[in-house]
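Along the sequence shown, residues carry numbers from 1.
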Amino acid sequence: MEPSDVIAHKNGRQRKLGGSVPANVNIGDLNRGEMSGSEAEEEDEAEGLIRGSDSEGRRHTARPGIRGELGNVSLLLFLYVLQGIPLGLAGSIPLILQGKNVSYKDQAFFSFVFWPFSLKLLWAPLVDALYFSRFGRRKSWLVPTQYLLGLFMLYLSVTVEALLQSEGGPNVGILTAVFFMLAFLAATQDIAVDGWALTMLSRENVGYASTCNSVGQTAGYFLGNVLFLALESANFCNKYLRAEPKDTGIVTLSDFLFFWGVVFLISTTLVAVFKRETAHGKGKRRVPQEETKGVLETYKLLFTIIKMPTVFTFCALLLTAKIGFSAADAVTGLKLVEAGVPKEQLALLAVPMVPLQILLPVVISKYTAGPRPLDIFYKAFPFRLLIGLEYALLVWWTSSVKQDGGFPVYYYTIVLFSYAGHQVALYSMYVACMAFHAKVSDPLIGGTYMTLLNTVTNLGGNWPSTVALWMVDPLTSKACQGAVGQSCGSPEEAGLCVKEGGACVTTLDGYYVESVVCVVIGLAWWVWLGKKMRRLQEESPAAWRCRINQ
C-alpha cells in the first residue's frame with residue numbers, strides 16, 4: 001500500500017499527487033480518461049450531446065474566481081470527507097482485532113477489505129457511462145452508493161459488537177465481507193465524485209478538485225481512524241478527557257457507526273433533492289448505444305495498453321517491487337500492538353507526520369522533474385529496505401522498554417523518528433513513480449493510460465501485504481512449556497498443552513523471519529530487476545505510444 005502507514009496500518013488506498021495535502025487515498029483519477037473524452041464531446045458538438053453536465057458548473061460565462069463556487073467546493077470537500085470515514089474505520093479494525101488475539105491468517109483475510117481501491121479501474125468505465133440522464137450522470141451512482149453506505153453502517157452498528165465478541169473469537173469472515181462492501185461502495189463513490197468534480201467546477205477552478213480530494217479524504221480517514229481510536233479508548237479518555245475515570249471510552253464502535261450512518265442518509269437525501277446536475281432542454285439528446293460502445297472501447301483500450309512490451313514489463317516490475325517492504329508495512333504496527341503499545345497512541349503518532357507528508361512531495365518533485373525520475377526510486381529503494389530491518393529491531397526492543405505505566409516518552413520519540421525516516425524513503429519512491437507515469441503516458445489517452453499504471457502500482461503494494469500477514473503464523477515456532485510430551489503446532493495441540501497445565505511459548509517469531517526474507521528478496525530485486533526498471537527510462541517515446549486500430 002502506497003503510501004502505507006506502518007503504525008496505523010492504513011487501508012491500501014493511494015494518494016493523488018496534487019493539492020495541498022497528499023491524502024492517503026487513490027493515486028489517480030480512475031475515470032479521468034473517459035471524462036476528458038466526454039468533455040471534448042460537450043464542447044465540440046453544437047447539437048449539445050450533454051451527458052450529465054452540471055447546470056451550475058458548466059455555464060458559458062466564465063467565473064470571476066473561487067468565490068462564485070465556494071458552494072460547489074464545499075460540497076466536494078464534504079463528499080470526500082464522507083468517503084474517508086468508512087475507510088478510516090476499516091483501517092482501525094485490524095488494530096482492534098489484534099487486541100483480541102486473532103491469528104495473522106485472520107488479519108490477512110481481513111486485508112482483502114483494502115483491495116477495492118486497487119481494482120476500481122475494472123468497473124470505473126461502467127460508472128462513467130451508465131446512468132439516468134434525467135437524474136444526473138454522477139448522482140445516478142453517488143446517491144444509491146451513499147445510501148447503501150449509510151445502511152451498511154446502521155446494520156454494523158447493531159451487529160458489530162456481536163461480531164467482535166462472538167464465542168470462539170471475532171467473526172472475521174462476516175466482518176471482512178461487510179467492510180469489503182463498505183470499501184467497494186467507497187471506491188465507487190470515489191469514481192462518481194471524481195467525475196462530477198470535473199463538471200461541477202468551472203474550468204478555471206477545476207484544479208481545486210484535487211485539493212478537495214486530498215484534504216477531504218485525509219480528514220475523513222482521520223475522523224474514522226485516529227479520532228475514533230482515541231475516543232474509543234478508555235485509557236486515553238480517562239487520561240486526557242475525563243475528570244472521573246470509567247471502564248469504557250466516550251464512544252463505542254456501534255455509536256460511531258450509527259452516527260455516521262445517519263449522517264450519510266441525511267446528507268445524501270439533501271444532495272439528491274437540492275443539488276441539480278442535469279440540464280434539461282430541447283435539442284439535447286442521449287445516445288445510449290454510443291455510451292455502451294464507449295465502455296467496450298475503454299476495456300479494449302486497457303487490454304491494448306497492457307499488451308505493449310514496455311508497459312507489460314513495467315507492470316510486472318511494479319507488481320513485484322514492494323515484496324521487500326511487505327513485512328514492515330503490513331505487520332509492524334500489529335506487532336507493536338501485540339507487544340502492548342496502545343493502538344490509540346500509535347494512531348496519534350500519525351498526526352505529527354501530516355506536515356512532513358505535505359512537504360515531502362513538493363521537495364522530492366524537484367528531483368524527479370527531469371528525464372530520469374526512476375533514478376530517485378532506485379536510490380531510495382535500499383534505504384527503505386534497511387528501515388524495514390530497523391522496524392524489526394524496534395519490535396524486538398519494545399517488550400524490554402515497557403513499564404508499569406506504559407512506555408516512556410523517549411520510546412515514542414524513537415518510533416516517531418523511525419516512522420519519519422520510513423516516510424521519506426516511501427515518498428521518494430512514490431513521487432518518482434508518479435512522475436514516470438506522467439512522463440510515459442500517451443497524451444492521446446493519458447487518463448486511461450496513467451490510471452492503469454497507478455492501479456497496478458497500488459495492487460503491487462496490496463497483494464504482498466496480504467501474503468505477508470498470511471505467512472506470519474506458519475513461520476512462527478512455538479513450544480509447550482510445563483507439559484511433557486505436548487506441542488503447540490496447531491490450535492488443537494495448543495489447547496491440549498494448556499489442559500495439561502502447560503503454556504505455549506514462542507521460540508521463533510515469524511515476523512522476524514519474514515523481515516529478513518523480505519529484505520533479501522528486496523535486495524535481489526534491486527540488484528537485478530531495479531536496473532531493468534531504470535533502463536526503461538531509456539526507451540524512446542514511441543515505445544510507450546499506444547497504436548490503436550493499427
[X] side, atom [atom1]; [Y] side, atom [atom2] - distance, nearest 0.5 Å:
| X | Y | atom1 | atom2 | result |
| --- | --- | --- | --- | --- |
| N225 | S92 | CG | OG | 5.5 Å |
| L348 | E344 | CG | CD | 7.5 Å |
| Q107 | L95 | CD | CG | 8.0 Å |
| I387 | L426 | CD1 | CG | 9.0 Å |
| L302 | T451 | CG | OG1 | 8.5 Å |
| C237 | K246 | SG | NZ | 10.5 Å |

* Any salt bridge (charged side-chain N to carboxylate O under 4.0 Å, His left out) involving residues 256-268? Give me the pairs, sequence neighbours left out, ordered by first then second residue. =>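 Sorted pair list comes back empty.
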Apply side-chain hydrogen bond (donor to acceptor under 3.5 Å, both in side chains) to [X] and list each qualifying residue two or more places apart in sequence or on a separate chain.
| X | value |
| --- | --- |
| Y511 | T332 |
| S157 | none |
| S267 | none |
| E232 | none |

Looking only at heavy atoms, which two atoms of [X] and [Y] are closest? And how far apart?
| X | Y | answer |
| --- | --- | --- |
| A108 | T466 | CB-O, 3.4 Å |
| L459 | P464 | O-CD, 4.2 Å |
| L318 | C433 | CD2-SG, 3.6 Å |
| Y427 | L360 | CD1-CD1, 3.9 Å |
| A219 | V81 | CB-CG2, 4.2 Å |
| L149 | P86 | CD2-CG, 4.2 Å |

* Applying side chain to side chain contact (heavy atoms under 4.5 Å, CB included), run through L469 and F110 and close with a yes or a no. => CA-CA 10 Å; L469 287 166; F110 188 83; over 6 Å; no
Within the structure provided, determine whether [X] and [Y] are in side-chain contact (heavy-atom separation under 4.5 Å).
| X | Y | answer |
| --- | --- | --- |
| L334 | V472 | no |
| V415 | T398 | no |
| E297 | P125 | no |

Just by distance, do the side chain of [X] and the backbone of [Y] share a donor-acceptor pair under 3.5 Å?
| X | Y | answer |
| --- | --- | --- |
| N462 | F114 | yes |
| W463 | L319 | yes |
| S140 | Y131 | no |
| N72 | L201 | no |
| S326 | I323 | yes |
| W141 | L130 | yes |
| N171 | L163 | no |
| S233 | L229 | no |
| R242 | G249 | yes |

* Is there a side-chain hydrogen bond (donor to acceptor under 3.5 Å, both in side chains) between Y104 and Q98 once you walk through the steps? -> CA-CA 9 Å; Y104 281 92; Q98 195 66 12; 2.8 Å; yes
* To do: Could you pull out all residues at least two apart from V271 that satisfy side chain to side chain contact (heavy atoms under 4.5 Å, CB included)?
  =>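 Per chain and number, V271 pairs via side chain to side chain contact (heavy atoms under 4.5 Å, CB included) with L75, L142, W196, K275.
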* Any residue meeting side chain to side chain contact (heavy atoms under 4.5 Å, CB included) with E161, in chain and number order, not counting sequence neighbours ->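 In terms of side chain to side chain contact (heavy atoms under 4.5 Å, CB included), with neighbours along the sequence ignored, E161 is linked to Q165, T252, L253, S254.
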Result block: side-chain N/O donor-acceptor pairs under 3.5 angstrom for residues 176-188, not counting sequence neighbours:
from: T176; atom 1: OG1; to: V172; atom 2: O; distance (Å): 2.7
from: T188; atom 1: OG1; to: W123; atom 2: NE1; distance (Å): 3.1
from: T188; atom 1: OG1; to: F184; atom 2: O; distance (Å): 2.9

* Pair T218-Y80, side-chain hydrogen bond (donor to acceptor under 3.5 Å, both in side chains): steps then yes or no -> CA-CA 9 Å; T218 298; Y80 281 121; over 6 Å; no
* Think K139 forms a cation-pi with F135, using NZ or CZ under 6.0 Å from the six-ring centre and within 45 degrees of its axis? ->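 That pair qualifies as a cation-pi contact.
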Which residues pass the ring pair (Phe, Tyr, Trp, His ring centres under 6.0 Å) test with [X], sequence neighbours left out?
| X | result |
| --- | --- |
| F222 | none |
| Y240 | F236 |
| F109 | none |
| F264 | none |

* **Name of the residue among T457, N454, N458 meeting side-chain hydrogen bond (donor to acceptor under 3.5 Å, both in side chains) with S118** =>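 The option that passes is N458.
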* Quick one: which of D128, T199, D194 gives a side-chain hydrogen bond (donor to acceptor under 3.5 Å, both in side chains) with R138? ->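 Answer to the side-chain hydrogen bond (donor to acceptor under 3.5 Å, both in side chains) test with R138 among D128, T199, D194: D128.
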* **side chain to side chain contact (heavy atoms under 4.5 Å, CB included) evaluation trace for V263 with L82** => CA-CA 9 Å; V263 171; L82 288 183; 4.1 Å; yes
* Between Y419 and H422, what is the ring plane arrangement, given parallel below 30°, perpendicular above 60°, and tilted in between? ->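 Parallel, since the angle between the ring planes stays under 30°.
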* To do: Give me the ring orientation class for F228 and F256: parallel if the planes are under 30° apart, tilted from 30 to 60°, perpendicular past 60°.
  =>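 It falls in the tilted class, 30° to 60°.
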* Ring centres of H437 and Y449 under 6.0 Å apart? ->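 Not close enough - the centres of the two rings lie 6.0 Å or further apart.
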* To do: Please determine if D329 and R384 form a salt bridge, counting it only when a charged side-chain N lies under 4.0 Å from a carboxylate O.
  =>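 Answer for the salt bridge query: yes.
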* Lys/Arg N to Asp/Glu carboxylate O, K100 vs D106, below 4.0 Å ->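 Salt bridge absent between K100 and D106.
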* **Modelled atom types, side-chain donor and acceptor of Q83 and Y221, under 3.5 Å** =>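 Short answer, no.
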* After noting the C-alpha distance and the side-chain angles of M434 and V431, does the key distance pass the side chain to side chain contact (heavy atoms under 4.5 Å, CB included) rule? -> CA-CA 5 Å; M434 294 302 98; V431 175; 5.7 Å; no
* Return yes when atom CZ of F258 has more than 12 non-hydrogen atoms of other residues, nucleotides or ligands closer than 6.0 Å, and no otherwise. =>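 Open.
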